[in-house]
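Taking it in order: structure first as structure tokens, then the write-up.
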Amino acid sequence: MSVWFVTGASRGLGAAIVREALERGHQVAATARDAEAVRKAFPYAQESLLAVTVDVTDEQQLRDAVDATVERFGRIDVLVNNAGVYAPVPFLDFTADRWDALMHINVRGPVLLSVLAARAMRDSGGGRIVHIASTNGQLAEAEFAHYNASKAALISLTKSMAVELAPLGILVNAVAPGWVLTPLSEPFVATLDAAALGRISPLRRVGEAAEVAGAVSFLCGPDSTYITGITLNVDGGLTAMHPAV
């Protein structure tokens, strides 16, 4: 049994990752902007679950959440940086405020939290950190330059952190989902016909949140002790396809 810390845990990928961890018998500190939503999502797991209200742009809230987790469970073994935002903005409409708002959530928050969690992991002998990146960090999508850049930053950070934290016994990896069915993507996914599905995956379907959670679980489990610094694409083959397909 290990102790997980998961951000953006009230729905979508975050909730699926928390569910996967709980089902495998782990203890979980699950954070979101509304901790009550987390409790409602997992009413059966109150003994193994610590729900904490956290805005990942607030460094003090991150510090308090890490401290509360260590106080409740004794340590942190796994950090999953899942919280993020995704919204189109045409490049010519960029403003400093829009750029900063997204980068504070998608990059600054994970960096600050990783520092805090890694210090706790160092004190307990090691751990795992997984960033939820995206295929958008590898493939460009129009009107999402700031989002694409933020996910590319997480992929780069994964490599740098893996190298620097390895002597502390901390493995750092990223998972890059392609099109996955979540509350955020559901309106778009509902419009996809067979031809469109073929363009986003040779499997001709979107992924399930549980499939992403399974990849995270693998990277945090006993069979991945020699894996660090990688980005694992969970994209149904999207990044394998020629762009003209």
Side-chain angles (χ1 to χ4, degrees), residues 6-21 23 32-34 37-38 40-42 80-95 98-99 101-103 105-107 110 130-155 158 173-219 230-245:
V6 182
T7 65
S10 62
R11 61 177 188 159
L13 294 181
I17 292 164
V18 171
R19 187 173 299 108
E20 172 81 11
E23 289 177 353
R33 289 185 175 181
D34 180 5
V38 176
K40 288 180 179 178
F42 304 100
V80 182
N81 281 310
N82 168 73
V85 292
Y86 175 88
V89 179
F91 189 75
L92 297 183
D93 293 339
F94 266 10
T95 64
R98 280 178 165 171
W99 177 269
L102 183 135
M103 287 295 178
I105 295 172
N106 288 13
V107 181
V130 176
H131 299 304
I132 302 302
S134 169
T135 54
N136 279 61
Q138 304 165 57
L139 305 172
E141 182 179 5
E143 298 192 356
F144 287 92
H146 57 339
Y147 178 78
N148 302 343
S150 74
K151 294 304 183 179
L154 286 182
I155 290 170
T158 295
N173 294 291
V175 169
W179 279 105
V180 175
L181 183 61
T182 67
L184 191 64
S185 69
E186 190 171 4
F188 171 79
V189 169
T191 69
L192 298 176
D193 57 18
L197 287 171
R199 288 192 293 271
I200 66 173
S201 166
L203 299 180
R204 297 185 179 276
R205 68 175 178 87
V206 297
E208 299 289 337
E211 294 174 301
V212 177
V216 173
S217 183
F218 165 71
L219 289 173
I230 72 157
T231 296
L232 177 58
N233 291 341
V234 184
D235 66 355
L238 170 64
T239 50
M241 292 193 299
H242 190 282
V245 172

Could you pull out the closest heavy-atom pair between [X] and [Y], with the gap in Å?
{"X": "Arg204", "Y": "Ala194", "result": "NH1-O, 3.7 Å"}
{"X": "Phe144", "Y": "Pro88", "result": "CE2-N, 3.4 Å"}
{"X": "His131", "Y": "Pro110", "result": "ND1-CB, 4.4 Å"}
{"X": "Phe42", "Y": "Ala9", "result": "CE1-O, 4.1 Å"}
{"X": "Ala16", "Y": "Ala210", "result": "CB-N, 4.2 Å"}

Close side-chain approach of [X] to [Y], heavy-atom, < 4.5 Å:
{"X": "Leu232", "Y": "Asn173", "answer": "no"}
{"X": "Ile200", "Y": "Val206", "answer": "yes"}
{"X": "Gln138", "Y": "Thr239", "answer": "yes"}
{"X": "Ile132", "Y": "Val216", "answer": "yes"}
{"X": "Trp179", "Y": "Ser201", "answer": "no"}

Scan Val18, Val6, Val212 and name whichever one has a side-chain contact (heavy atoms from CB on, under 4.5 Å) with Leu13.
Val212
Does any N or O in the side chain of [X] come within less than 3.5 Å of the main-chain N or O of [Y], such that one atom is a donor and the other an acceptor?
{"X": "Asn148", "Y": "Glu141", "value": "yes"}
{"X": "Ser150", "Y": "Tyr147", "value": "yes"}
{"X": "Thr158", "Y": "Leu154", "value": "yes"}

Going by side-chain contact (heavy atoms from CB on, under 4.5 Å), name the residues that satisfy it together with Glu23, two or more places apart in sequence or in a different chain.
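Glu23 satisfies side-chain contact (heavy atoms from CB on, under 4.5 Å) with Arg19 once adjacent residues are dropped.
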Residues forming a side-chain contact (heavy atoms from CB on, under 4.5 Å) with Val89, sequence neighbours excluded
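side-chain contact (heavy atoms from CB on, under 4.5 Å) check on Val89 returns Asp93, Phe94, Arg98, His146.
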Please enumerate all residues that pass side-chain hydrogen bond (donor to acceptor under 3.5 Å, both in side chains) together with [X], with sequence neighbours excluded.
{"X": "Glu211", "value": "Arg205"}
{"X": "Ser134", "value": "Asn136"}
{"X": "Thr231", "value": "none"}

Rounded to the nearest 0.5 Å, what separates atom CG in Asp235 from atom CE in Met241?
8.5 Å
Distance from Thr135 atom OG1 to Leu139 atom CG, nearest 0.5 Å?
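With rounding to 0.5 Å, OG1 (Thr135) is 6.0 Å from CG (Leu139).
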Going by the side chain to side chain donor-acceptor pair (under 3.5 Å) test, which pairs reach into residues 7-18, not counting sequence neighbours?
none
